[in-house]
Amino acid sequence: MSRTMQPTCDSHVSSMLNLSSTGSTFRVVVGVTGSVAAMKLPLLVSQLLEIPGIDVRVVTTDHATHFYNVAEVPVHVYTDKDEWEIFKTRSDPVLHIELRRWANLLVIAPLDANTLGKIASGICDNLLTCIVRAWDTSRPLLFCPAMNTAMWQHPITAQQVATLQGFGYVEIPCIYKKLVCGDEGKGAMAEVSTIVDAIRKYLPRPAEKITAHVDKH
């Protein structure tokens, strides 16, 4: 069963979770993990917000926050701490489920080697990986690998990327460049413009209506 996209939780819960409707027609969750490429998060979010009709929320791992200033991100940033502060009693909303319901698209940029391995193995030990594990696979999930060249070249990396592709997730390939550590080779996250262009491909055409599945509690 589907319906024209509306807020997926009541107004009180939406307000509490910072998921209130802004009149947008397309909703994107940006996941960010502990790669130095996380420093590009403010730029990525800013460029996404330039697209008419788009709404953005960020879900960060704790390690990712070492590489960017949360104050420079112009949308709400969710952390693992938020999940547990919101959920106090059995009747309270579960943040990773509400974000999963809210979003039309999830993009993980950057996806570090550690989180790549977790997702490929089905591990869900933080807010972001819980969203991924609960993700509606009829909706697009894009991932942007980013890691040291030696890590990228490890045989298990190709296996894990193939596993994610087997789930139906879309890879935005990493690129060759001189890395922050000084090594030169493949492993750097795709350029922000490339990621934004990839997301644009999933935007609805003007005549289309975005629909969201009604999830059963």
Side-chain angles (χ1 to χ4, degrees), residues 1-11 13-33 38 41-42 44-61 64 70 73-80 82-83 86-87 92-111 115 118-119 122 124 126-144 164 167-172 192 195-205 208-217:
M1 181 179 180
S2 64
R3 63 177 178 175
T4 300
M5 191 179 76
Q6 298 174 349
T8 54
C9 39
D10 62 37
S11 58
V13 172
S14 293
S15 176
M16 180 170 60
L17 299 179
N18 284 288
L19 294 177
S20 299
S21 175
T22 61
S24 61
T25 57
F26 198 78
R27 299 171 176 177
V28 175
V29 167
V30 177
V32 55
T33 68
L41 176 65
L44 173 59
V45 172
S46 295
Q47 290 196 11
L48 286 175
L49 291 176
E50 292 176 1
I51 302 173
I54 204 168
D55 201 356
V56 179
R57 299 291 185 274
V58 170
V59 174
T60 188
T61 64
V70 174
V73 181
V75 299
H76 191 82
V77 178
Y78 295 93
T79 66
D80 292 347
D82 293 319
E83 176 105 85
I86 290 169
F87 188 83
D92 286 338
V94 178
L95 182 56
H96 67 267
I97 298 299
E98 297 299 340
L99 284 165
R100 177 257 197 197
R101 290 170 173 159
W102 179 85
N104 297 109
L105 179 147
L106 170 61
V107 57
I108 308 174
L111 174 61
T115 308
K118 287 182 180 182
I119 294 172
C124 42
N126 58 35
L127 177 57
L128 178 58
T129 52
C130 283
I131 295 171
V132 174
R133 185 62 185 263
W135 189 248
D136 178 354
T137 54
S138 70
R139 303 176 189 178
L141 189 157
L142 283 54
F143 64 96
C144 309
L164 268 60
F167 296 157
Y169 306 161
V170 177
E171 179 190 12
I172 302 177
V192 168
I195 299 169
V196 172
D197 286 344
I199 292 170
R200 283 181 181 273
K201 295 177 182 178
Y202 295 91
L203 296 176
R205 291 185 293 271
E208 291 182 339
K209 291 183 179 180
I210 298 298
T211 59
H213 293 288
V214 178
D215 295 286
K216 295 181 179 180
H217 291 275

Chi angles and distances behind the side chain to side chain contact (heavy atoms under 4.5 Å, CB included) call for Tyr169, Ile119: CA-CA 11 Å; Tyr169 306 161; Ile119 294 172; 4.2 Å; yes

About how many Å separate [atom2] of [Y] and [atom1] of [X], when rounded to the nearest 0.5 Å?
X: Trp135; Y: Leu106; atom1: CH2; atom2: CG; value: 5.0 Å
X: Leu111; Y: Leu142; atom1: CG; atom2: CG; value: 11.5 Å
X: Asp55; Y: Arg57; atom1: CG; atom2: CZ; value: 4.5 Å
X: Leu105; Y: Leu203; atom1: CG; atom2: CG; value: 8.5 Å
X: Ile131; Y: Arg101; atom1: CD1; atom2: CZ; value: 12.5 Å
X: Ile54; Y: Arg200; atom1: CD1; atom2: CZ; value: 8.0 Å

Trace of the side chain to side chain contact (heavy atoms under 4.5 Å, CB included) decision for Ile199 with Val196: CA-CA 5 Å; Ile199 292 170; Val196 172; 5.7 Å; no

Sidechain-backbone polar pair: Glu83 side chain, His96 backbone, donor-acceptor under 3.5 Å: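 Yes: the side chain of Glu83 pairs with the backbone of His96.
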
Side-chain donor/acceptor of Thr33 to backbone N/O of Pro110, under 3.5 Å: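 Judged by distance alone, yes, a pair lies under 3.5 Å.
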
Which residues share a ring pair (Phe, Tyr, Trp, His ring centres under 6.0 Å) with Phe143, sequence neighbours left out: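 Testing Phe143 for ring pair (Phe, Tyr, Trp, His ring centres under 6.0 Å), a comparison that skips the adjacent residues, returns none.
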
Asn104 and Val28, any side-chain heavy atoms less than 4.5 Å apart: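 Side-chain contact under 4.5 Å: no.
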
Beyond-backbone contact of Val132 with Cys124, side-chain heavy atoms, under 4.5 angstrom: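 No, their side chains stay 4.5 Å or more apart.
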
Partner residues of Ala109 under the side-chain contact (heavy atoms from CB on, under 4.5 Å) criterion, sequence neighbours left out: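 Partners of Ala109 by the side-chain contact (heavy atoms from CB on, under 4.5 Å) criterion, ordered by chain and then number, come out as Leu44, Val107, Cys144, Met189, Ile195.
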
Residue list, side-chain contact (heavy atoms from CB on, under 4.5 Å) with Asn126, at least two apart or on another chain: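 If we apply the side-chain contact (heavy atoms from CB on, under 4.5 Å) test to Asn126, skipping adjacent residues, the hits are Thr61, Asp80, Lys118, Leu128, Thr129.
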
Taking every non-hydrogen atom, the tightest pair across [X] and [Y]:
X: Ala38; Y: Ala64; answer: CB-O, 4.0 Å
X: Tyr78; Y: Leu99; answer: CE1-CD2, 3.8 Å
X: Leu19; Y: Trp102; answer: O-NE1, 3.6 Å

Criterion side chain to side chain contact (heavy atoms under 4.5 Å, CB included) on Leu141 and Phe167, from CA distance to verdict: CA-CA 10 Å; Leu141 189 157; Phe167 296 157; over 6 Å; no

Chi angles and distances behind the side chain to side chain contact (heavy atoms under 4.5 Å, CB included) call for Val45, Val58: CA-CA 8 Å; Val45 172; Val58 170; 3.8 Å; yes

